[in-house]
Amino acid sequence: NDKLNAAAAKKARKEARRDIRRKLDAESASTALELGISPTSIDVGASKSNANRPLPAPPQTSLPSDSHCTICLFYQYKEPAWTVKEHKAALNKVTELATFNKVTGRGRCAPEGLNCTLTADPNDLRAFCYALRKWDPALFNPTDFKLEDGVPNKNRFRTFTLRKVDELVGYALDGIKAPSLNRHSGDHLEAPDYHKQMQQKDTVIIDVRNAYESAIGHFQPPKGGAQLLDPKMRTSQDFPKWLNAPETKEKLKNKTVMMYCTGGIRCERATALLNQITDVEPEFKTKGVVMVRGGIERYLKTFPEGGYWKGKNYLFDKRMEQAPSKKTEEALQNDVESCCCLCRASYSKYLGQHKCADIIPSSGLACSVPVIVCEAEECQQIATEEPHKLVCPLCVKGYQTPDTAPDLVGQKRKLGLIARGGIDAVTGQKVSQGSTNAISRRLFVGKLPLTTTASKLHLAFENCNCKVESVHWVVDQDTRAFYGSVFCYMASVEDAQRAQALGFVRLPQEFRKKGNGKCRKKQQRMARVAFAPLREQEAWPPESYCEMEYPPLGS
């Protein structure tokens, strides 16, 4: 019976795919006629989501697995978010399915959902996707699994890694600060409709990626159409502050707002954030907020000659970049607007892992934005031996990110998404009275390595122009052991506000000895920072407080 059922299901999927192909061929012809382009310049089928339908069949002429593989990009938000127990179960289940189906790659698993870039043989990867749908149909049937077959095997990941994180995208919108996708997510336009919208007046289009990604490729709407806006983000955490700036709101007011990113995941939260702000501010309204379904990745497959896209799409897997498949090398070269940060020669590839060494005045921290260094031997030598000379375009222009973030928790309370003393609609958790943005000299600092010392924390805050008065280690009530959190009591409210506005502090760089006796820099760690208001009648520091250089080891 199982074999018969499996055969029947396979036949049904095959018939469904045939029916879909017939409909897409007819739609491609009519869309090409409407846009005034050649039918070969558009593939409407590539714009369609794989949500709630059979996945595309594997290639008929199977390429050897030792030379080619299939790559899959997907994300899925969960609202209300997984509980702690459910989150742990999801981590284990996804890892189990990946191992069983011989899938490699990397992913992020947060209480709010899952985001992965994976590689495997064509059939194995599809089996993994169907296994996710079988495990949790309500969650993963609506997932758009973006599959690309025939990818050279050099781009295959060696292992599978799934990171446990607090947030899928680093907007610093995790937990109760996260805007509701169920209520505020933007409208999804398929690539042909998104293409048409770029031709309209009273429209702005926002690149919600980081500035270094935009540097090598972006949308270029036609004259008389949408206005392109670049938030000039060093990291995604800059976006809420940029969106909250009065000059930004003025540009978006009474306009249709389009957003785009690599695959769509960043636009989900970004569009929801904008809609939440306009929902709570009567004087700030738009004509609608939309995003391209499947991101740039689907748009470029729909318009293989590029459409309104200029340059290349920066990718976070081993391919590094995506270009329109039917665009000539000469045309791509003419699209290049970026240059080497040293010799200024036209160049659009990120070779190595070179980063901007300039200091941001507002935070006192290194910029650390990836920079382009061309392949010229002289430039590569300077980048390696004199990295302090590497400066990104934002620092060259002296650009400073706006410093005021929106009161996201307050907005959600006004909209009824957080009931007074009740449940947060996004996380599904009960919001404690301390979960507010109340200003306090006491800060909670989390995600610290166990090797942290009081001196390192003092130095980390001093590098941000903030002074710590005392450090209080947070320990487990039973074991009295330190697990990576502290309370820092700041010298003044202003010091606390400066630190909290950053959202994090960079810990001093550490070095690790290699086998040959030489030292190698470890990846610089960032610790999360948030206000920790005192409760009524609470004295700080406690009477028994005695500052210690090292955290307690426990009993």
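Computed from a predicted model, the values in this text were never measured in an experiment.
Applying the ring-ring contact (aromatic ring centres under 6.0 Å, His included) test to Tyr299 and every residue at least two apart in sequence or in another chain returns Phe219, Phe303. Here Lys249 pairs with Glu281 under the salt bridge (charged side-chain N to carboxylate O under 4.0 Å, His left out) rule; sequence neighbours left out.
Side-chain contact between Arg319 and Asn155 is present, with heavy atoms from C-beta onward closer than 4.5 Å. Residues His195 and Gln199 have side chains in contact (heavy-atom distance under 4.5 Å, counting atoms from C-beta outward). Within the 4.5 Å cutoff, side-chain heavy atoms of Glu79 are placed close to those of Ser180.
Taking both residues in full, the closest heavy atoms of Ala226 and Ile205 are given as CB-CG2, 4.3 Å, listed atom of the first, atom of the second, then distance. In plain terms, the two heavy atoms of Ala215 and Tyr350 that are nearest each other are CB-OH, 4.0 Å.
Atom CG of Asn141 and atom OG1 of Thr143 lie 8.0 Å apart (nearest 0.5 Å). Leu118 contributes atom CG, which lies 6.0 Å from atom CZ of Phe160 (distance to the nearest 0.5 angstrom).
A salt bridge is defined here as a Lys NZ or Arg NE, NH1 or NH2 lying under 4.0 Å from an Asp or Glu carboxylate O, and Glu337 with Lys310 meets this definition. Remark: Lys412 engages Asp424 in a salt bridge, criterion side-chain N to carboxylate O under 4.0 Å. Salt bridge status for Asp19 with Arg22: present, with a side-chain N to carboxylate O gap under 4.0 Å. Under the 4.0 Å criterion applied to side-chain N and carboxylate O atoms, Glu34 and Lys196 are assigned as salt-bridge partners. The pair Lys48-Glu190 meets the salt-bridge criterion, since a charged nitrogen lies less than 4.0 angstrom from a carboxylate oxygen. Salt bridge status for Lys414 with Asp279: absent, with no side-chain N to carboxylate O gap under 4.0 Å.
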*asked:* What verdict does the side chain to side chain contact (heavy atoms under 4.5 Å, CB included) test give for Thr401 and Gln237, after you've listed the backbone C-alpha separation in whole Å, the side-chain angles of each residue and the deciding distance to 0.1 Å?
replied: CA-CA 10 Å; Thr401 304; Gln237 291 188 7; over 6 Å; no

*asked:* Go through it in stages, so that I can follow the logic: the residues are Arg126 and Asn123, the test is side chain to side chain donor-acceptor pair (under 3.5 Å), and I'd like the CA-CA distance, side-chain angles, deciding distance and then a yes or no.
replied: CA-CA 5 Å; Arg126 285 164 172 81; Asn123 289 318; 5.9 Å; no

*After noting the C-alpha distance and the side-chain angles of Thr104 and Thr119, does the key distance pass the side chain to side chain donor-acceptor pair (under 3.5 Å) rule?*
CA-CA 5 Å; Thr104 58; Thr119 55; 2.7 Å; yes

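The environment of NZ in Lys134 is sparse: at most 12 heavy-atom neighbours from other residues, nucleotides or ligands sit within 6.0 Å.
Applying the side chain to side chain donor-acceptor pair (under 3.5 Å) test to residues at least two apart or on different chains, the pairs with a partner in residues 255-266 are Asp207-Tyr260, Glu213-Arg266, Thr262-Arg266.
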